[in-house]
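Data first, discussion second: the structure below is written as structure tokens.
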Number of protein chains: 2
Amino acid sequence: MPGTSLDFTARLRAAGLRPTRQRVALARLLFEGGHRHVTAESLHVEVKSAQMPVSLATVYNALNQFRDAGLLREVVVAPGRSYFDTNTGHHHHFFVEPDGALHDFPSDKVTIAGLPAPPKGTRLSRVDVIVRVRR
Amino acid sequence: MPGTSLDFTARLRAAGLRPTRQRVALARLLFEGGHRHVTAESLHVEVKSAQMPVSLATVYNALNQFRDAGLLREVVVAPGRSYFDTNTGHHHHFFVEPDGALHDFPSDKVTIAGLPAPPKGTRLSRVDVIVRVRR
DNA sequence: GCAGTATTTAGAACTGTTCTAAACTCCTTG
DNA sequence: CAAGGAGTTTAGAACAGTTCTAAATACTGC
Ligand SMILES: [Mn+2]
Ligand SMILES: [Mn+2]
Ligand SMILES: [Zn+2]
Ligand SMILES: [Zn+2]
């Protein structure tokens with residue numbers, strides 16, 4: 001029976017997180033469809049309107065834990081608000097201002113050549129490309 | 001007499017901003033040396049310790065006005081804090097985590113090929129490349 | 001100099017996020 | 001199939017960064 005909470009229970013356990021009612025509900029919203037970009041506030045609204053009340057603090061806790069567990073990645077594109085991205089693979093973003101909408105694009109067709117070497121004493125961690133667009 | 005506040009007075013006036021004592025002091029700190037990346041808080045500390053007390057609200061006002069006038073550009077790389085960049089030309093950034101240090105690199109040696117077309121109904125505004133590195 | 005508008009300022013307000021500590025729940029063990 | 005205990009949730013307080021308010025002050029054009 002696909003789409004069941006059993007999947008998420010196992011997935012959370014594998015990530016070292018107890019599959020609580022709240023985390024399973026959030027994981028289902030986040031992971032059962034296609035890739036998503038949410039903010040804490042938007043996910044909180046969503047989980048509340050799905051007859052599944054979860055406190056805002058728990059939404060923040062879960063997003064941070066999911067990110068730390070590698071289930072989500074955090075995207076910083078605008079001041080004062082973090083996006084969480086269910087697509088943890090290599091990819092980049094369009095950011096539509098002023099809406100705040102994020103759209104993925106695959107990084108494998110994009111070639112970035114000529115990047116200088118990291119500053120002395122540092123190792124490369126990630127390259128983010130943010131293509132800002134306007135209506 | 002180079003390095004005088006006269007330069008900044010003229011530059012502010014040209015940007016449509018009255019050259020007040022506070023704005024001239026901030027402009028001097030920002031623009032008289034090489035390119036810089038500051039936060040409101042860091043600039044506030046700096047201007048205070050230069051026997052030139054300016055309120056934090058004024059630092060925020062000035063940074064936003066300088067940015068709106070095209071004298072600065074705002075860089076968003078970390079949640080909860082904005083950087084302001086005196087280098088308004090085309091360039092990209094190394095971001096050293098967890099220090100929060102920003103380093104410029106020129107964009108003219110970097111080639112980004114294969115970027116997809118902007119989403120329907122949007123125009124390209126800017127492409128930001130952030131190379132995140134760790135110690 | 002004066003008038004009038006722009007600017008500055010301290011402090012309040014606001015937003016997004018984290019913290020606190022008490023209540024609750026999952027899970028292991030007996 | 002209890003407890004018991006560690007992990008989790010929660011409301012609300014606290015916090016950090018930023019913006020707002022409205023009264024005082026400083027530029028500027030006359
Ligand atoms: Mn965080
Ligand atoms: Mn701003
Ligand atoms: Zn994404
Ligand atoms: Zn820069």
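Every chain is numbered from 1 and lettered A, B, ... according to where its sequence line falls, protein lines coming before strand lines.
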Rounded to whole Å, please give me the gap between [atom1] in [X] and [atom2] in [N].
X	N	atom1	atom2	value
B:Asn61	D:dT19	CG	P	9 Å
B:Leu26	C:dT9	CG	C1'	14 Å
A:Leu12	D:dG7	CG	P	17 Å
A:Leu56	D:dT9	CG	P	13 Å
A:Glu41	C:dT17	CD	P	9 Å
B:His44	D:dT19	NE2	C1'	15 Å

Closest to the A:Arg23 side chain: D:dT8, C:dT17, D:dA11?
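Among D:dT8, C:dT17, D:dA11, the one nearest the side chain of A:Arg23 is D:dT8.
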Please determine, for the side chain of B:Tyr60, which listed nucleotide (C:dT18, C:dA10, D:dT18) has the closest atom?
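Looking only at side-chain atoms, B:Tyr60 lies closest to D:dT18.
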Given B:Arg36 and B:Glu46, is the salt bridge (Lys or Arg N to Asp or Glu O under 4.0 Å) satisfied, shown in steps?
CA-CA 13 Å; B:Arg36 309 196 50 194; B:Glu46 195 178 339; 2.8 Å; yes
Would A:Arg135 and A:Asp99 count as a salt bridge (Lys or Arg N to Asp or Glu O under 4.0 Å) here? Give the steps.
CA-CA 9 Å; A:Arg135 305 212 154 274; A:Asp99 321 28; 2.9 Å; yes
Is A:Arg11 close enough and on-axis enough to A:Phe31, meaning under 6.0 Å and within 45°, for cation-pi?
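Checked: cation-pi criterion met.
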Taking the ring of B:His37 and the ring of B:His103, is the distance between their centroids below 6.0 Å?
no
For this output row, return yes or no: ring centroids of B:Phe105 and B:Phe94 closer than 6.0 angstrom.
yes
Report yes if at least one side-chain N or O of B:Ser55 is closer than 4.0 Å to OP1 or OP2 of C:dT8; otherwise report no.
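Checking B:Ser55 against C:dT8: no side-chain N or O falls below 4.0 Å of OP1 or OP2.
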Which letters describe nucleotides 24-30 of chain D, given B = protein heavy atom under 4.0 Å from base, S = only from sugar-phosphate, - = neither?
---BS--
Check B:Glu32 against B:Phe8 and note the closest heavy-atom contact, atom names and distance.
CB-CZ, 3.6 Å
